[in-house]
Asker: 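My structure is below; once you've seen it, I'll send some questions.
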Amino acid sequence: MSKKLYLVDGYALIYRSYFAFIRKPLFNPQGRNSSAVFGFFRTLLSIMQQYSPESLAVVFDSMTPTFRHVKYPAYKATREKAPEDLHAQVPVIEEILKAMKFPQLRQDGVEADDIIATYASRAASEGWPCVIITGDKDLMQLVGKSVSAMIPDKSGGYAEVGPEEVSEKFGVAPEQILDYLSLVGDQSDNVPGVKGIGPKGAVDLIRRFGSLEGIYENLDQLSPGQQEKLQQERENAFLSRELITLKTDVQELPPPEELVLGDYDKEQVIRLFLREGASSLAEQLGTAKEVRAEKKEDSYSGENAEYISLLAADELDRLKKALLEAKLFALDVETDSLDPMKARPVGVSIALEAGQAWYIPLICEGTETLEEEGVRRMIAEILKNPDCTWVGQNLKYDYKVLKRWGIEDIQAKLFDTMVAAWLLDSTANTFGMDALAERLLQYRTIHFDDVVPKGKEFKDVPLKEATAYAAEDADITFRLYEYLKPRLEEEDLARTFRDLEMPLTRVLAEMEYAGIGLDGKSLERYGKELAKALDGIQKEIWDLCGREFNINSTKQLQEILFEERKLNPVKKTKTGYSTDTSVLEQLAEEDPVPELILKHRGLAKLKSTYVDTLPKEINPHTGRIHTSFQQTGTATGRLASKNPNLQNIPVRDEAGRAIRSAFIPRKGCRFISADYAQIELAVFAHLSGDETLSRAFEKGTDIHRQTAALIFGVDEAEVSPDQRRVAKTINFGVIYGMSPFRLSNELRISRSDAAHFIEAYFAQYPKVREFIDATVSETEKSGYVRTLMGHRRFVPGITSRNRTEKSGAERIAVNTPVQGSAADIVKTAMIKLDMALMEGGYRTKLLLQVHDELILEAPEDEVVRVSELVVHTMQTAVELSVPLKVSIEDGDSWGAVH
DNA sequence: ACGCTATCGTAC
DNA sequence: GACGTACGATAGCGTT
């Protein structure tokens with residue numbers, strides 16, 4: 001034996017790994033604890049990477065009692081039984097070790113320590129190197145000239161230690177560890193030791209007399225107290241030594257030469273890691289690229305999948321018949337652009353069952369493809385059929401591409417795998433197909449960049465590769481469907497999905513497709529005005545400060561304000577002093593510069609975020625702006641808007657209003673804007689059932705005024721504007737779980753006054769507090785909250801012992817049903833409104849949704865009738881215990897309707 | 001040149 | 001530390 005042998009103390013590493021994450025355990029996608037699996041292999045892989053061992057074994061304890069139990073029945077008796085979720089991970093670790101072809105050792109009647117000791121003693125006598133990976137101090141007795149140990153260090157890694165380090169750490173040499181531990185004992189193994197002798201005393205005794213025998217031979221030299229302890233516990237001392245003495249003669253172990261590492265199926269191990277949710281380990285094992293390259297080889301017509309390029313007209317016809325018969329299929333469009341409002345189809349892939357898919361190229365380098373028109377007709381026919389279900393990943397994208405291609409009549413039912421995955425767990429952060437395949441199917445897809453070289457397009461990809469990629473997309477989408485469908489049912493989300501989210505997907509696609517008109521010219525003019533104004537303010541600031549600097553840089557601003565102008569910092573950020581609005585407002589009281597900075601910032605924000613950006617978003621084909629609504633963008637169920645974000649266009653001040661005014665209706669049309677009055681507070685009243693809060697909605701009184709009257713103890717008619725402002729802040733604050741601290745800051749009042757207001761609020765609305773308490777305690781039990789329509793959000797922090805995290809989780813638990821249910825209501829209204837408009841034969845179109853507001857574009861002669869329809873539909877979208885009120889306006893720009 | 005984080009600010 | 005949900009701009013830093 002010449003190679004260095006690495007011996008891993010299996011259970012020591014498993015325990016350590018499990019408890020390392022005990023405050024924040026890791027879970028695999030099946031929801032089982034995977035801390036031990038992750039920690040175990042993270043350590044193992046890091047050792048592999050650092051030392052590249054050729055020879056290694058993982059050693060486990062036997063499942064049967066050992067000679068130590070026979071000798072001393074109390075052995076390890078005090079040890080707490082391992083938690084069930086730790087125990088369950090052992091077979092998984094064994095499975096992965098097996099897949100990695102790592103030698104595993106265990107033997108009945110002996111412990112891992114004994115096996116390790118047997119090899120170590122051979123290493124010592126034969127002079128070959130050996131390393132023990134463990135956290136167990138018993139094993140330190142084995143360290144010597146050719147045997148070292150790796151123990152956890154402070155940084156979380158493992159450090160190699162030799163005899164000197166052991167002596168340093170314990171104060172005694174490795175060969176004295178045994179006698180040392182016989183005196184000290186071992187709590188975890190219930191080894192008694194000598195009562196009254198601790199680490200300090202033991203080190204002292206061992207140093208003076210060398211060994212246990214040495215001590216007992218020289219008892220007369222000790223203090224009377226120590227003499228007595230040692231006399232009395234003599235038996236325990238020697239029994240202890242016997243227990244912790246390791247066997248070095250375990251028989252029938254494989255010779256060390258056989259404990260070698262070899263090649264193994266990396267792909268298989270990566271899959272196991274992915275199954276356990278350890279994607280970082282999977283990544284570490286083989287770079288994603290390598291694995292994907294391997295994947296490419298066999299996925300074209302591998303064991304698991306058959307992918308066919310469709311090039312013949314009669315095959316297309318046969319496929320159509322099969323589709324109409326199957327009634328459910330995955331269909332995915334390849335295009336030449338990520339922007340569906342610019343993209344042209346390059347090919348279509350279709351899957352009818354898992355493992356089989358077709359790619360129908362329309363444009364493909366070096367291939368004679370089918371006539372585009374024939375394919376278009378075929379797709380149009382199957383998607384027109386209301387009995388069919390179209391399964392897709394991010395359906396809105398394909399829907400819009402196909403609509404632009406001329407497929408306008410899509411009546412097939414929709415099943416979007418991306419939305420389904422989001423509905424099942426909105427706390428995940430990615431819902432892309434590649435990520436879903438890995439997370440849910442443990443399948444690594446071919447990535448776009450692997451098939452399409454930079455600078456090229458999909459149509460440049462040769463047929464074979466194009467088919468492998470495109471058909472896989474359809475195949476995986478189908479498999480995702482098979483995975484997701486039953487889970488939606490199990491989790492009681494199938495109805496929300498079918499009746500709310502999927503009908504909404506179609507409505508959103510239509511809204512995005514319609515777009516909204518923007519007067520780019522007027523914004524450009526405004527931009528020039530702003531540029532001038534900014535220049536002037538900048539100059540003023542520079543003059544006052546005596547030098548030029550970048551006003552947009554918070555870092556430079558800190559220097560100017562807090563160093564050069566010696567202003568007092570108000571609050572800190574992670575990296576320095578804050579310069580946000582509230583700080584600058586305070587500083588403005590003693591210095592003229594902050595006021596100017598505020599002015600500059602406001603205008604700069606307006607210009608860079610809206611005025612300069614929006615005209616660039618005008619689509620060259622349609623001349624309109626087409627935002628994208630993210631149906632999977634939020635954890636509460638709200639929509640999000642991007643490219644551009646039309647949900648945060650300024651509204652409050654005059655400068656911002658100018659931007660809204662640049663949004664204009666088509667010729668002959670007007671905008672209609674309808675918004676729910678205080679929908680979140682109405683939902684809050686409904687969910688809490690608080691009579692007083694509900695009364696405001698029933699009577700249609702101003703909720704903020706009512707709250708002010710109640711907490712200040714005055715008549716509603718006597719409420720001052722200031723009192724109403726305070727009440728408004730509290731009304732919203734309660735929904736968000738605002739603290740007295742925040743409220744006092746917001747209102748510039750003392751913290752005790754703020755606390756007093758909140759108390760008064762709860763006293764007047766008693767069921768609000770009950771609702772909050774009940775919601776928190778239910779969330780603690782179940783781990784999640786649900787909205788009115790059943791949308792679910794996991795709240796992992798709800799069991800945290802960290803106070804900040806715990807209260808953060810409580811705020812989420814309370815806010816999500818409120819915000820999420822409001823979102824549900826608006827979504828429902830959108831679907832019903834879309835249907836009503838269609839049934840009424842109106843040409844009016846929904847264009848935008850801004851959380852509690854809908855914006856429509858109506859031909860002038862429809863405005864009156866549609867306005868009525870909108871109000872009615874929105875107010876009756878769902879039935880709550882309180883009435884919902886909607887206010888409506890029409891105008892010739894967005895600025896005019898708010 | 002690109003990607004990431006921090007900070008800031010807009011909306012509801 | 002301290003109010004929920006988003007998107008996006010700029011600065012500044014690190015990596016390619």
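Just so it is clear: chains get the letters A, B, ... in the order the sequence lines come, proteins before strands, and each one is counted from 1.
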Asker: To the nearest angstrom, how far is A:Q647 atom CD from B:dG9 atom C1'?
Answerer: 16 Å
Asker: I'd like to know if the side chain of A:H600 reaches the main chain of A:I537, judged simply by a donor and an acceptor atom lying under 3.5 Å from each other, with no hydrogens or angles considered.
Answerer: no
Asker: Quick check on C:dA11: is either OP1 or OP2 less than 4.0 Å from any side-chain nitrogen or oxygen of A:N550?
Answerer: yes
Asker: In whole angstroms, how far is the P atom of C:dA6 from the NE2 atom of A:H851?
Answerer: 10 Å
Asker: A:V651 near the nucleic acid: base, sugar-phosphate alone, or nothing, with a heavy-atom cut-off under 4.0 Å?
Answerer: sugar-phosphate
Asker: Is any side-chain N or O of A:T581 closer than 4.0 Å to OP1 or OP2 of B:dG9?
Answerer: yes
Asker: Would you indicate, yes or no, if C:dG12 has its OP1 or OP2 atom less than 4.0 angstrom from a side-chain nitrogen or oxygen of A:S553?
Answerer: yes
Asker: Return the value, rounded to whole Å, for the distance between atom CD of A:Q630 and atom P of C:dT5.
Answerer: 17 Å
Asker: Among the candidates B:dC12, C:dA2, C:dC7, find the nucleotide nearest to the side-chain atoms of A:R742.
Answerer: C:dA2
Asker: With respect to the phosphate group of C:dT5, does any side-chain polar atom (N or O) of A:R793 fall under 4.0 Å of OP1 or OP2?
Answerer: yes
Asker: Should A:S578 be listed as having a side-chain N or O under 4.0 Å from OP1 or OP2 of B:dC8?
Answerer: yes
Asker: From NZ of A:K728 over to C1' of B:dC12, roughly how many Å is that when rounded to an integer?
Answerer: 12 Å
Asker: Would you classify A:I735 as touching base, sugar-phosphate or nothing, given that sugar-phosphate means primed atoms plus P, OP1 and OP2, and contacts are heavy atoms under 4.0 Å?
Answerer: nothing
Asker: What integer number of Å spans the C1' atoms of B:dT5 and C:dC3?
Answerer: 23 Å
Asker: Of the candidate nucleotides B:dA6, C:dT5, B:dA11, which contains the atom at the shortest distance from the side chain of A:K574?
Answerer: B:dA6
Asker: Quick check on C:dC13: is either OP1 or OP2 less than 4.0 Å from any side-chain nitrogen or oxygen of A:K555?
Answerer: yes
Asker: Is the distance from OP1 or OP2 of C:dA2 to the nearest side-chain N or O of A:T804 less than 4.0 Å?
Answerer: no
Asker: To the nearest 0.5 Å, what is the distance between CG on A:L847 and CZ on A:F671?
Answerer: 6.0 Å
Asker: What is the distance, to the nearest angstrom, from the NE2 atom on A:H600 to the P atom on B:dG9?
Answerer: 13 Å
Asker: Answer yes or no: does a side-chain N or O of A:T575 lie under 4.0 Å from OP1 or OP2 of B:dA6?
Answerer: no
Asker: Taking the inter-plane angle between the rings of A:W422 and A:H791 on a 0 to 90° scale, is it parallel (under 30°), tilted (30 to 60°) or perpendicular (over 60°)?
Answerer: tilted
Asker: Treating A:R624 as the side-chain partner and A:A514 as the backbone partner, does any N or O pair qualify as donor plus acceptor under 3.5 Å?
Answerer: yes
Asker: From the list C:dC3, B:dG9, B:dT7, which nucleotide is the closest neighbour of the side chain of A:K605?
Answerer: B:dG9
Asker: Rounded to the nearest angstrom, tell me the gap between atom CG in A:N648 and atom P in B:dA11.
Answerer: 8 Å
Asker: Could you tell me whether the phosphate oxygens of C:dA9, OP1 or OP2, come under 4.0 Å of any side-chain nitrogen or oxygen in A:R601?
Answerer: no
Asker: Are the side chain of A:T496 and the backbone of A:M789 linked by a donor-acceptor contact shorter than 3.5 Å?
Answerer: yes
Asker: Quick check: on DNA chain C, is the nucleotide nearest A:R803 upstream (toward 5') of the one nearest A:E680, or the reverse? Name the residue that is more 5'.
Answerer: A:R803
Asker: Once you apply a heavy-atom cut-off of 4.0 Å, does A:A604 come out as touching a base, just sugar-phosphate, or nothing?
Answerer: nothing
Asker: Look at A:Q556 and C:dG12 and indicate whether a side-chain polar atom (N or O) is within less than 4.0 Å of OP1 or OP2.
Answerer: yes
Asker: Is any side-chain nitrogen or oxygen of A:R652 closer than 4.0 Å to OP1 or OP2 of B:dA11?
Answerer: yes
Asker: Decide if atom CZ of A:R803 counts as having more than 12 heavy atoms of other residues, nucleotides or ligands within a radius under 6.0 Å.
Answerer: no
Asker: So, is A:R811 near the phosphate of C:dC3, with a side-chain N or O under 4.0 Å from OP1 or OP2?
Answerer: no
Asker: Mind checking if A:S807 touches a base, just sugar-phosphate, or nothing, with heavy atoms under 4.0 Å?
Answerer: nothing
Asker: Measure from NZ on A:K571 to C1' on C:dC3 and round the result to the nearest Å.
Answerer: 12 Å
Asker: Would you mind reading off the distance between A:N552 atom CG and C:dG12 atom C1', rounded to a whole angstrom?
Answerer: 13 Å
Asker: Looking at A:D702 and A:R724, does any basic side-chain N land under 4.0 Å from a carboxylate oxygen?
Answerer: yes
Asker: For B:dT10 and A:T609 - does any side-chain N or O of the residue sit under 4.0 Å from the phosphate oxygens OP1/OP2?
Answerer: no
Asker: For the side chain of A:D852, starting at C-beta, report the closest nucleotide among B:dG9, B:dC12, C:dT5.
Answerer: B:dC12
